[in-house]
Number of protein chains: 2
Amino acid sequence: MFMISFTEENYLKALLRISFDSGETGVGTNELASHLGVKPATANDMLKRLRDKALVDFEKYKKITLTREGKNIATEVIRKHRLWETFLYEKLEFSWDEVHDVAEQLEHIQSSKLIDKLEKFLDYPAFDPHGDPIPSKGGELTKQFRKTLLDIPVGQLCKMVAVKDNSSAFLQYVVKVGLGINNEIYVQSRQEYDALMVIEVNGVASSVSEKFAENIYVV
Amino acid sequence: MFMISFTEENYLKALLRISFDSGETGVGTNELASHLGVKPATANDMLKRLRDKALVDFEKYKKITLTREGKNIATEVIRKHRLWETFLYEKLEFSWDEVHDVAEQLEHIQSSKLIDKLEKFLDYPAFDPHGDPIPSKGGELTKQFRKTLLDIPVGQLCKMVAVKDNSSAFLQYVVKVGLGINNEIYVQSRQEYDALMVIEVNGVASSVSEKFAENIYVV
DNA sequence: TAATTAAGTTAGACTAATCTAACAATTTTA
DNA sequence: TAAAATTGTTAGATTAGTCTAACTTAATTA
Ligand SMILES: [Mn+2]
Ligand SMILES: [Mn+2]
Ligand SMILES: [Mn+2]
Ligand SMILES: [Mn+2]
């Protein structure tokens, strides 16, 4: 049980997120680097250190995978991140587009007592403000196949359950379109050429791009 | 408005605390270093950097003082620290000897919105769980002359208002003696030789050392 | 006041995390 | 399959924060 730094935690979290989102086990160096906003050389150096600590499996020129221990740490960081987001949203009246950046800092506070007490204080929430599931203590990140708005055919009704992009810019745009978690969406039409959709939410119609639609998870 | 690191914040806070506790404006390099658990050489290096950023006034071989800006930052860190301690104690049911170490991390989270919302959530508390005053937003750390238990003559009654030492070891000891904030203390006797005191709290008598007594603030 | 002790500084080294520039391996594509 | 493009690695440099060991200045004391 050695010390794990703020930065190392971010690398582990990124590896889990990327493989989770892509559906593949292995992650590439460039992919990881661009996700973290660092240069590939930097990521490569860090990967060697994480390998020394037995947190990743990684051979020269091959894809990177998390070890059991690496995955546990990454899951714990995500758990903390989502619990803090829930706290900010539920208790401190932050809006859902403001919580992510602050949680990015809070997720690195080291105290298992703190996070357990926080979870209890929030009454064991299952989802964060963006609809993402909160892993339980020592638990796994459950892989759920989620459809996006892009998969919904014209004329069908669906319900928004989560967002993929957590950036403030995107979330504010979602609000502007009148959308939020648990809102019903009716797909009025879709352009063949550029997948531009017209959707109806609470009686109001809006046009949304392909990029927008693929960031909205629905059921 | 440049970036200020976690470490720099700790140095500024230490400078304010030391000068506050000693009653003197200037702080020495060794004093600062030992307070932070680093070597004097390390503190000396950091002081040069803080001087470059105009956060301290410091000439070779002279005492160190905070600039206006340095003092503001230090006060803000202390404000955050005490608000977080109050949150942990009041809302998350931490005991008063557990809050300090976690707050030592939380005090460095950068978000003025967060701390303002937290303060509101806690309903603008004036004191932290150890009886220390919480500075208001943009406010000063008010210098109050506080007597310690050591100053109370035999046969007199006083009331505990705060503790000086915030360490877990000391605080647990305080609880064991049956003491807490706002408890009344009756001074039964004192040894001339080593200042060992016998005090009575809620009908129970205990012997306490000079070191113990000087860490209890009373009125 | 001179010697001794305490306080403070400098030089040189180390680690973590980052970069740029050059190079190597792998994969894609013509 | 050979060339081109993509992906990944290495070497060398930088900055923040830390250390040890040697040195200098200031303060205390005999
Ligand atoms: Mn988030
Ligand atoms: Mn983070
Ligand atoms: Mn404290
Ligand atoms: Mn701190």
Side-chain angles (χ1 to χ4, degrees), chain A residues 1-15 18-19 22 24-66 70 73-74 77 104-105 107-108 110, chain B residues 1-15 18-19 22 24-66 70 73-74 77 104-105 107-108 110:
Chain A
M1 287 301 155
F2 33 76
M3 209 70 244
I4 180 119
S5 77
F6 187 108
T7 313
E8 287 168 328
E9 284 190 345
N10 280 339
Y11 276 84
L12 295 175
K13 190 177 73 151
L15 287 168
I18 295 168
S19 72
S22 70
E24 279 154 53
T25 9
V27 176
T29 306
N30 288 2
E31 209 178 352
L32 175 63
S34 85
H35 188 274
L36 286 164
V38 298
K39 300 292 163 185
T42 307
N44 186 260
D45 277 358
M46 177 56 91
L47 287 166
K48 289 178 191 164
R49 264 174 283 151
L50 293 174
R51 182 178 47 198
D52 291 347
K53 293 189 172 186
L55 299 173
V56 301
D57 288 321
F58 169 53
E59 278 177 81
K60 233 183 173 186
Y61 295 107
K62 299 274 169 62
K63 297 284 178 187
I64 312 136
T65 53
L66 287 167
I73 294 172
V77 175
E104 207 54 53
Q105 295 180 62
E107 70 188 4
H108 302 291
Q110 314 233 252
Chain B
M1 285 301 155
F2 32 76
M3 208 71 244
I4 182 119
S5 76
F6 187 107
T7 313
E8 287 168 329
E9 284 189 346
N10 281 340
Y11 276 84
L12 295 176
K13 190 177 74 151
L15 286 168
I18 296 168
S19 72
S22 70
E24 278 154 54
T25 10
V27 176
T29 306
N30 288 3
E31 210 177 352
L32 175 62
S34 84
H35 188 273
L36 286 164
V38 298
K39 299 292 164 183
T42 306
N44 186 259
D45 277 357
M46 177 55 91
L47 287 166
K48 289 177 189 164
R49 266 175 282 153
L50 293 174
R51 183 179 47 198
D52 290 346
K53 293 190 172 185
L55 299 172
V56 301
D57 288 320
F58 170 53
E59 278 177 81
K60 232 182 172 186
Y61 296 109
K62 300 274 167 64
K63 296 285 179 185
I64 312 137
T65 53
L66 287 166
I73 294 172
V77 176
E104 207 54 53
Q105 296 180 63
E107 70 187 4
H108 301 291
Q110 313 233 251

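Every chain is numbered from 1 and lettered A, B, ... according to where its sequence line falls, protein lines coming before strand lines. Hydrogens, waters and symmetry mates are skipped; everything else that's a heavy atom, side chains included, is used.
Rounding to whole angstrom units, CZ of residue R51(B) and C1' of dG8(C) are separated by 13 Å. Rounded to whole Å, atom P of dG8(D) lies 15 Å from atom NZ of K39(A). Rounded to a whole Å, the CG atom of L47(A) is 15 Å from the C1' atom of dT10(D). Between the CE atom of M3(A) and the P atom of dA17(C) there is a distance of 12 Å, given to the nearest Å. Residue D45(A) contributes atom CG, which lies 15 Å from atom P of dG8(D) at whole-angstrom precision. Rounded to whole Å, atom P of dT26(C) lies 10 Å from atom NZ of K60(A). Here the P atom of nucleotide dA16(C) and the CD atom of E8(A) are 8 Å apart, to the nearest Å. Nucleotide dG8(D) holds its P atom 14 Å from the CG atom of L36(A), rounded to whole Å.
Here R49(A) reaches the OP1 or OP2 of dA17(C): one of its side-chain N or O atoms lies under 4.0 Å away. Applying the 4.0 Å criterion to OP1 and OP2 of dG17(D), one finds that S5(B) has a side-chain N or O inside that range. Using a 4.0 Å cut-off, no side-chain N or O of N44(A) falls inside it from OP1 or OP2 of dG8(D).
Residue T42(B) is in base contact, counting any heavy-atom pair closer than 4.0 Å across all strands shown. Residue contacts for A41(A): at a heavy-atom cut-off of 4.0 Å it reaches a base atom on one of the strands shown. Residue contacts for F6(A): at a heavy-atom cut-off of 4.0 Å it reaches no nucleic acid atom on any strand shown. When heavy atoms are screened at a 4.0 angstrom cut-off, T29(B) is found touching the sugar-phosphate backbone but no base atom.
Rounding to the nearest 0.5 Å gives a distance of 5.0 Å between CZ of F58(A) and CG of N44(A). Atoms CZ and CD, from F6(B) and Q105(B) in turn, are 6.5 Å apart once rounded to the nearest 0.5 Å.
The side chain of K48(B) has dT10(C) as its nearest neighbour among dA16(C), dT10(C), dT9(D). Of the candidates dG17(D), dT18(C), dG8(D), dG17(D) carries the atom nearest the M46(B) side chain, counting heavy atoms from C-beta on. Set against dA7(C), dG17(D), dA11(D), the side chain of N30(B) has dA7(C) as its closest nucleotide.
The neighbour count for K53(B) NZ, taken as heavy atoms of other residues, nucleotides or ligands under 6.0 Å away, is above 12.
Along DNA chain C, the nucleotide nearest to Y61(A) and the one nearest to V38(A) differ in position, and the one closer to the 5' end is contacted by V38(A).
A salt bridge is absent between K63(A) and E24(A): the closest approach of a Lys/Arg side-chain nitrogen to an acidic carboxylate oxygen does not fall below 4.0 angstrom.
The shortest non-hydrogen separation linking E8(B) to M3(B) is OE1-O, 4.0 Å.
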